Amino acid sequence: MIIAIDGPAASGKGTLAKRIADLWGLPCLDTGLLYRAVARDVAARGFRLDDAWAALAAARSLDPAELADPDLRTPQAGDAASIVARIPQVRAALLAYQRGFAAQPGGAVLDGRDIGTVVCPGADAKIYVTARSEVRAKRRFLEYMARSEPVTYEAILADILRRDERDASRDSAPMRPAPDADLLDTSDLDIEAAFDAAVGLIKRKIGQ
Ligand code: C5P
């Protein structure tokens with residue numbers, strides 16, 4: 001069973017994806033980490049993030065075993081990721097790995113921006129997770145505070161809005177719900193309620 005979880009920055013899709021994967025005993029891939037790692041490698045080699053040649057080289061040489069780096073989780077890494085993510089060659093280079101991950105025996109859960117539309121258009125269940133931008137910024141702010149990251153709520157909100165705009169307006173695989181995705185607005189739900197709602201949607205889709 002392949003489950004696609006998409007949605008904008010800080011919508012809670014990553015947390016939901018992990019919990020859904022645990023429930024069904026499936027492997028889970030946070031595809032945002034791939035773009036974050038490509039951006040990190042481009043910058044580390046001294047190139048501009050919009051340098052298509054350098055970004056493609058970084059995508060081709062990416063070792064997905066090295067995605068655990070905590071530096072990939074910072075707001076700066078997310079912003080940088082959305083710049084390399086606009087480059088079609090980078091997206092194409094990361095596609096095979098994502099599809100291979102999804103094709104594991106038994107299936108997988110993948111979360112990102114284009115899983116339901118491009119990476120796994122034939123997924124058994126697709127959920128597009130949203131929440132009001134102020135709610136997303138507040139959740140992310142509390143998360144960073146807990147990790148003692150020096151950020152302000154205003155800076156996080158600005159980052160989220162900038163990233164949403166970049167991700168939704170790019171030509172290549174823009175962020176959008178697949179026509180057959182179920183929409184889940186978690187603005188007024190806590191994580192337990194959001195999880196229950198997501199599980200209900202998936203069970204209905206797969207006929208359980
Ligand atoms: O999900 P996360 O916030 O880690 O993603 C970082 C950035 O990577 C996104 O803002 C987006 O530009 C890009 N991304 C993407 N397609 C995906 C996953 C992430 O373009 N499937």
Side-chain angles (χ1 to χ4, degrees), residues 2-18 20-21 28-43 49-50 52 55-56 58-59 62 64 66-102 108-121 123 126-131 133 135-137 139-141 143-144 147 149 151 155-178 181 186:
I2 297 175
I3 301 177
I5 313 276
D6 288 302
S11 57
K13 62 189 184 317
T15 308
L16 279 177
K18 278 192 213 81
I20 289 164
C28 185
L29 179 64
D30 171 354
T31 63
L33 285 176
L34 301 172
Y35 294 92
R36 287 170 182 253
V38 169
R40 172 199 58 195
D41 294 350
V42 170
L49 292 167
D50 60 359
L56 175 59
L62 188 69
E66 288 171 13
L67 297 177
D69 179 358
D71 286 350
L72 293 180
R73 308 238 171 226
T74 63
Q76 295 78 6
D79 193 60
S82 70
I83 297 175
V84 299
R86 282 195 299 210
I87 303 170
Q89 297 93 319
V90 168
R91 307 199 69 84
L94 297 178
L95 198 53
Y97 175 73
Q98 295 174 84
R99 288 196 173 148
F101 189 93
V109 179
L110 287 86
D111 79 82
R113 303 288 186 293
D114 62 341
I115 308 302
T117 51
V118 175
V119 179
C120 303
K126 301 178 183 178
I127 300 184
Y128 192 85
V129 186
T130 57
S133 46
V135 174
R136 291 188 277 134
R139 286 183 192 151
R140 197 41 61 98
F141 177 63
E143 218 178 283
Y144 286 139
R147 297 201 315 240
E149 298 244 8
V151 286
I156 291 180
L157 180 60
D159 170 66
I160 282 177
L161 295 174
R162 186 174 56 243
R163 218 135 59 83
D164 285 355
E165 159 64 19
R166 216 179 260 152
D167 290 345
S169 66
R170 68 180 174 225
D171 293 332
S172 184
M175 169 177 78
R176 66 170 60 123
T186 68

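Start at 1 and go down the list; that is how both ligands and their atoms are numbered. As the structure is a prediction and not an experimental result, all values here were calculated from the model.
For Arg139, the salt bridge (charged side-chain N to carboxylate O under 4.0 Å, His left out) test picks out no residue, with sequence neighbours left out. Remark: Glu66 engages no residue in a salt bridge (charged side-chain N to carboxylate O under 4.0 Å, His left out) (not counting sequence neighbours).
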Are there any N/O pairs under 3.5 Å between ligand 1 and the protein, and if so, what are their distances?
{"unit_1": "ligand 1", "atom_1": "1 (O)", "unit_2": "Lys13", "atom_2": "NZ", "d": "3.4"}
{"unit_1": "ligand 1", "atom_1": "1 (O)", "unit_2": "Arg113", "atom_2": "NH1", "d": "2.8"}
{"unit_1": "ligand 1", "atom_1": "3 (O)", "unit_2": "Arg36", "atom_2": "NH2", "d": "3.1"}
{"unit_1": "ligand 1", "atom_1": "3 (O)", "unit_2": "Arg113", "atom_2": "NH2", "d": "3.2"}
{"unit_1": "ligand 1", "atom_1": "3 (O)", "unit_2": "Arg163", "atom_2": "NH1", "d": "3.0"}
{"unit_1": "ligand 1", "atom_1": "4 (O)", "unit_2": "Arg36", "atom_2": "NE", "d": "2.7"}
{"unit_1": "ligand 1", "atom_1": "4 (O)", "unit_2": "Arg36", "atom_2": "NH2", "d": "3.2"}
{"unit_1": "ligand 1", "atom_1": "10 (O)", "unit_2": "Arg113", "atom_2": "NH2", "d": "3.3"}
{"unit_1": "ligand 1", "atom_1": "10 (O)", "unit_2": "Arg163", "atom_2": "NH1", "d": "2.8"}
{"unit_1": "ligand 1", "atom_1": "10 (O)", "unit_2": "Asp167", "atom_2": "OD2", "d": "2.7"}
{"unit_1": "ligand 1", "atom_1": "12 (O)", "unit_2": "Asp167", "atom_2": "OD1", "d": "2.6"}
{"unit_1": "ligand 1", "atom_1": "12 (O)", "unit_2": "Asp167", "atom_2": "OD2", "d": "3.3"}
{"unit_1": "ligand 1", "atom_1": "16 (N)", "unit_2": "Arg91", "atom_2": "NH2", "d": "3.0"}
{"unit_1": "ligand 1", "atom_1": "20 (O)", "unit_2": "Arg91", "atom_2": "NH1", "d": "2.7"}
{"unit_1": "ligand 1", "atom_1": "20 (O)", "unit_2": "Arg91", "atom_2": "NH2", "d": "3.3"}
{"unit_1": "ligand 1", "atom_1": "20 (O)", "unit_2": "Arg170", "atom_2": "NH1", "d": "2.9"}
{"unit_1": "ligand 1", "atom_1": "20 (O)", "unit_2": "Arg170", "atom_2": "NH2", "d": "2.9"}
{"unit_1": "ligand 1", "atom_1": "21 (N)", "unit_2": "Thr31", "atom_2": "OG1", "d": "3.0"}
{"unit_1": "ligand 1", "atom_1": "21 (N)", "unit_2": "Arg113", "atom_2": "N", "d": "3.1"}
{"unit_1": "ligand 1", "atom_1": "21 (N)", "unit_2": "Asp114", "atom_2": "OD1", "d": "2.8"}

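Here the CD1 atom belonging to Ile83 is positioned 5.0 Å from the CG atom belonging to Leu49, to the nearest 0.5 angstrom.
Residue Gly7 comes nearest to Lys13 through the heavy atom pair O-CE, 3.2 Å, listed as atom of the first residue, atom of the second, then distance. Of all heavy-atom pairs between Lys126 and Pro121, the closest is NZ-O, 2.7 Å.
Note on residues 70-97: pairs passing salt bridge (charged side-chain N to carboxylate O under 4.0 Å, His left out), not counting sequence neighbours, are Asp30-Arg73, Asp79-Arg162, Asp79-Arg166, Arg91-Asp114.
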